[in-house]
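Below is one structure; the comments refer to it alone.
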2 protein chains.
Amino acid sequence: MAKDFNQILKEKGYKFTTQRQYVFDVVTENQGSHLNSQEIFECVRNKYPDIGVATVYRTLGLLEDMGLIYGVDFNDGYRRYDIVKDPEAHRHHHLICLECGSIQEVEEDLLGAIEENIQKNNKFKVVNHRVKFYGYCDVCQKKMDTNRL
Amino acid sequence: MAKDFNQILKEKGYKFTTQRQYVFDVVTENQGSHLNSQEIFECVRNKYPDIGVATVYRTLGLLEDMGLIYGVDFNDGYRRYDIVKDPEAHRHHHLICLECGSIQEVEEDLLGAIEENIQKNNKFKVVNHRVKFYGYCDVCQKKMDTNRL
DNA sequence: CTCCATGCAAACACTTTGCAATCCG
DNA sequence: CGGATTGCAAAGTGTTTGCATGGAG
């Protein structure tokens, strides 16, 4: 895996550095957690105490440009990142709990029909989409039900 | 309309002020433009030069809380606002052009089926959703086609 | 007259940038 | 070695906050 990453960097003409490896590792290890830049910074600092914030930000931008990770904005003031598993079509949606703020991913993609409609009616060529569902997760629903008794 | 707004404020226990009126007016007049906070500030300043940024931010937050406007984040570093036309269900999606950055709205909502699935499979109670389609608008598609000749 | 609301400027929080030192290849 | 990359701190951005003044009810 380390080798792969090294390889990818070289192919794109970038140098391999320990810092980049660690940033990538942290995001990989926390797949699905959507860590924000600062959390990633903290995590990397555990393994590599001398890393600077700037490097983390620069690396995250780099990895995003290379298509290895993607950034999302959940309107909480942070930019959050996660791995791109399938570079061709990261077709998944996010379920954001309004109570606890947890974020889970849903894999299904049923937007094909909608995209076709948009293509037809609005002459807009859809390349990608990002869907966020706001609501209440299982845990919070149960908590809320209990409290209501 | 001015009267209405005055009324709404009072009902919620807020005071009517010229500044609030102007902020609301600007957002209303620019329906569909998704102005960001600074743009709104500039617009209001044309009519009311003494307004401060803080007031605009505070008012936008207030109006959003009251459900009169809604804020969206298009990952461009700004929080953007637009009017809520139908308070019950602002079921519309955004088409964001990757070329020119234009944003148009689509009214259709075909997410019912998807939400049902999510409810079933993830035990997540969907309350609202936000969908963004990224792609190329009609104008840019044509431009790009022309340049490719 | 009593607070709520405002304007100003300072404070914030996250991110970016400039630059000399450092490391990869 | 030579240029890409880093760390640091300073500078940027958009937004929020503290506080005295001002205006709505």
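Each chain gets a letter, A, B and so on, in the order the sequences are listed, and its residues count up from 1.
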Please output the side-chain donor-acceptor pairs of residues 9-18 of chain B that fall under 3.5 Å, not counting sequence neighbours, one pair per line with the distance.
from, atom 1, to, atom 2, distance (Å)
B/Lys10, NZ, B/Asn6, OD1, 3.3
B/Thr17, OG1, B/Arg20, N, 3.1

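- Partners of B/Gln141 under the side-chain hydrogen bond (donor to acceptor under 3.5 Å, both in side chains) rule, at least two apart in sequence or in another chain, do not exist in this structure.
- Evaluation of the salt bridge (Lys or Arg N to Asp or Glu O under 4.0 Å) rule for A/Lys142 yields A/Asp138 as partners, not counting sequence neighbours.
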Handout entry: Residues B/Glu115, B/His129; criterion side-chain hydrogen bond (donor to acceptor under 3.5 Å, both in side chains); working and verdict
Key = CA-CA 9 Å; B/Glu115 291 190 356; B/His129 58 231; 2.5 Å; yes

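- Rounding to the nearest 0.5 angstrom, the gap separating the OG atom in B/Ser102 from the CG atom in B/Leu95 is 8.5 Å.
- A/Ile83 and A/Val26 fall within the same hydrophobic cluster, defined by Ile, Leu, Val, Met, Phe, Trp and Tyr side-chain heavy atoms under 4.5 Å apart, directly or through other members.
- Among residues at least two apart or in separate chains, salt bridge (charged side-chain N to carboxylate O under 4.0 Å, His left out) pairs with a member in residues 30-40 of chain B are B/Glu39-B/Arg80.
- Taking CD from A/Gln104 and NZ from B/Lys123, the interatomic distance works out to 11.5 Å, rounded to the nearest 0.5 Å.
- The side chain to side chain contact (heavy atoms under 4.5 Å, CB included) search around B/Val72 returns B/His34, B/Tyr70, B/Phe74, B/His94, B/Arg130, B/Lys132, not counting sequence neighbours.
- Across every non-hydrogen atom of A/Tyr136 and A/Cys97, the tightest pair is CA-SG, 3.9 Å.
- Where DNA chain D meets chain B (any atom under 4.0 Å from a heavy atom), the bounding nucleotides read 5' to 3' are D/dG14 to D/dG25.
- For A/Ser37 against A/Tyr81, the heavy-atom pair with the smallest separation is OG-CE1, 3.7 Å.
- Between atom CD1 of residue A/Ile69 and atom CG of residue A/Leu63 there is a gap of 4.5 Å, rounded to the nearest 0.5 Å.
- Of all the residues in residues 29-44 of chain B, not one reaches under 4.0 Å from DNA chain C with any non-hydrogen atom.
- Taken to the nearest 0.5 Å, the CD1 atom of B/Ile96 stands 10.5 Å off from the CZ atom of B/Phe133.
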For residues 46-57 of chain B, dump all side-chain donor-acceptor pairs below 3.5 Å to protein atoms at least two apart in sequence or in another chain.
from, atom 1, to, atom 2, distance (Å)
B/Lys47, NZ, B/Glu29, OE1, 3.4
B/Lys47, NZ, B/Glu29, OE2, 3.3
B/Tyr48, OH, B/Gln19, NE2, 3.2
B/Tyr57, OH, B/Gln38, NE2, 3.0

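- Screening residues 60-70 of chain B for salt bridge (charged side-chain N to carboxylate O under 4.0 Å, His left out) gives B/Glu64-B/Arg79 as the qualifying pairs, with residues at least two apart or on separate chains.
- The stretch residues 49-66 of chain B touches DNA chain C through B/Asp50, B/Ile51, B/Gly52, B/Ala54, B/Thr55, B/Arg58, each having a heavy atom within less than 4.0 Å of the strand.
- Reading DNA chain C from its 5' end, the first and the last nucleotide to sit under 4.0 Å from a heavy atom of chain A are C/dC14 to C/dG25.
- Note on the helix from C/dC1-D/dG25 to C/dG25-D/dC1: angle between the axes of the first and last five pairs equals 30°, rounded to 10 degrees.
- Along DNA chain D, the nucleotide closest to B/Tyr78 and the one closest to B/Thr17 are compared, and the more 5′ of them pairs with B/Tyr78.
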